[in-house]
Number of protein chains: 2
Amino acid sequence: MNYSVSEENYIKTIFHLQKKEGTVTTNELAGELKTRPASVTDMMKKLKAKKLLHYQPYQGFRLTTDGSKVALGIIRRHRLWEYFLAEKLKFTWDEVHEVAEELEHVSNKKLIDKLDAYLGFPKKDPHGDPIPDAQGKIESGKKIRLPEVPLHTSCLVSGVTNQSGEILELLKHKKIRIGTTLEVRKRFEFDQSLEIRTGKQTIINISRELAENILISYES
Amino acid sequence: MNYSVSEENYIKTIFHLQKKEGTVTTNELAGELKTRPASVTDMMKKLKAKKLLHYQPYQGFRLTTDGSKVALGIIRRHRLWEYFLAEKLKFTWDEVHEVAEELEHVSNKKLIDKLDAYLGFPKKDPHGDPIPDAQGKIESGKKIRLPEVPLHTSCLVSGVTNQSGEILELLKHKKIRIGTTLEVRKRFEFDQSLEIRTGKQTIINISRELAENILISYES
DNA sequence: AACTTAATTTAGATTTGTCTAAATTATTTT
DNA sequence: AAAATAATTTAGACAAATCTAAATTAAGTT
Ligand SMILES: [Mn+2]
Ligand SMILES: [Mn+2]
Ligand SMILES: [Mn+2]
Ligand SMILES: [Mn+2]
């Protein structure tokens, strides 16, 4: 019922990785967590023994229903703390993740539920990712990536898929953040770069690499 | 420069224990931390190697100047979180300690200094204990215990020496908290119990055991 | 001062999480 | 399908933090 910091970091990372591919591999996870494949295999045996993981040697792995529930609890804590840090302590967008990475492991249910209430039950973290509620329910999302957005259609930045310091720095420089309204004006076939309008009349260029990491919703 | 949760719990506990006695013994520390004396000895060697502790076998131990600095950092984090939990999240007096016991180990300087600012640089935690500032400076206190207070003199409850659930429950029942104004009306020689006035005209009795754990200042 | 008891330390073991190097299995290329 | 390469697992080791049981040192008592 209570998991170590290590176990929690593995569980949460598997949850995120399996979203994209359905199943997660040893090397993928080792890369993400900056450990060695052998360490991953060791931990996978442990998580399987605790019935949090489906795993047969050489077959990759994914979380069981129980494992996903645990993951959603960790993600709820992480994102609530991120919201707190940004909203109340005035951390910037790109600083919150690192701190939340530690705070997420303080797992006192009453603490988290009271924090949630204090923050006014926020629906999204500062990166635009949905915050699971106390029951572990999470908003579906149905976001698309910027390259898929049709031309000349106003749309809303609702997240980024990659949250490295590098991309956040670039977005900050281009003044793009969650909630920014965009319109794609031109798509260049040569390099798949985009010309977009932000705000009233600012015209900027965005590389294919960057565009693929910007998530869009039409909610407004 | 960075210490494990275990090391931090040892360091903090030594700091509190050495305040009373000057020097701390193996069994004392084992009792307080709910570990075995052998484990204490192991850790003392480690802390000595890190120059946080004065320690010669069989001679007891106390923190070095460096060790005390580390302790004050932990205590600062602990008490700021206690203040946050009580003030912002509406935890009660007796619930905050347990949660702060975990939060104190998230040691990100920027987080703590921003939290401090957000809370308005509080001087005291919800138990009346002083909060060290960012430089590790802590208020001297110069508190006395209730039995030493002269008769018929209005004074102020500023803390408790024992913070067990039991004493907090008792104080809550007697409606005594930090900031309560008291006056000792009678002292009974037979059992050293006290008759005191709280607030305008409430007269209650307090046992010797309880009185010895109530700290008083005259600041108001 | 010798004996007894209490406190402390040491020796050796265990659990958790990690690693390197070697062995095994799966996948891709020829 | 064999050979080469890549991915994964196993074997064995290590550091951190803990424990039990035994040995040692200190303190208290006759
Ligand atoms: Mn994050
Ligand atoms: Mn984490
Ligand atoms: Mn603690
Ligand atoms: Mn306190």
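Chain A is the first sequence line, chain B the second, and so forth, proteins listed ahead of strands; every chain is numbered from 1.
Among the atoms of the strands shown, only primed sugar atoms or phosphate atoms (P, OP1, OP2) are found under 4.0 Å from some heavy atom of A:Thr35. Nucleic acid contact class of B:Tyr55 (heavy atoms, under 4.0 Å, all strands): sugar-phosphate only.
We find that CG of B:Asn2 is positioned 14 Å from P of D:dA16, with the value rounded to whole Å. Atom pair A:Lys50:NZ and C:dT16:C1' shows a separation of 10 Å (rounding to whole Å applied). Spacing between atom CE of B:Met44 and atom C1' of C:dT9 amounts to 13 Å, rounded to whole angstrom units. Distance CD (B:Gln56) to P (D:dT24): 20 Å, rounded to an integer number of Å. Rounded to an integer number of Å, the gap from CG of A:Leu29 to P of C:dT18 is 11 Å. One can place CZ of A:Phe61 at 11 Å from C1' of D:dA7, the figure rounded to the nearest angstrom. Between A:Glu8 atom CD and C:dT16 atom C1' the separation is 15 Å, expressed in whole Å. Atom OH of A:Tyr10 and atom C1' of C:dG17 are 8 Å apart (whole Å).
Under the 6.0 Å distance and 45° angle rule, B:Lys114 counts as a cation-pi partner of A:Phe91.
Proximity of B:Tyr58 to the phosphate of C:dA6: no side-chain N or O atom is located under 4.0 Å from OP1 or OP2. The shortest distance between the side-chain N/O atoms of B:Thr41 and the OP1/OP2 oxygens of C:dT10 is not below 4.0 Å. Look at B:Lys46 and you'll find a side-chain N or O under 4.0 angstrom from OP1 or OP2 of D:dA17. Not one side-chain nitrogen or oxygen of B:Lys45 sits closer than 4.0 Å to the OP1 or OP2 atom of C:dT9. Between D:dT18 and B:Arg36, no contact under 4.0 Å exists linking OP1 or OP2 to a side-chain N or O. Not one side-chain nitrogen or oxygen of A:Asn27 sits closer than 4.0 Å to the OP1 or OP2 atom of D:dA6.
Note on ring orientation: taking the six-membered ring where Trp is involved, the planes of A:His97 and A:His78 are tilted (angle from 30° to 60°).
Across all their heavy atoms, A:Trp81 and A:Glu104 have their closest contact at CD1-N, 4.2 Å.
Along DNA chain C, the nucleotide closest to A:Gln59 and the one closest to A:Ser4 are compared, and the more 5′ of them pairs with A:Ser4. For the pair B:Thr26 and A:Pro57, both in contact range of DNA chain C, the more 5′-proximal nearest nucleotide belongs to B:Thr26.
Looking only at side-chain heavy atoms (C-beta outward), B:Ile178 and B:Trp93 come within less than 4.5 Å of each other.
No more than 12 heavy-atom neighbours from other residues, nucleotides or ligands sit within 6.0 angstrom of CZ on A:Arg177.
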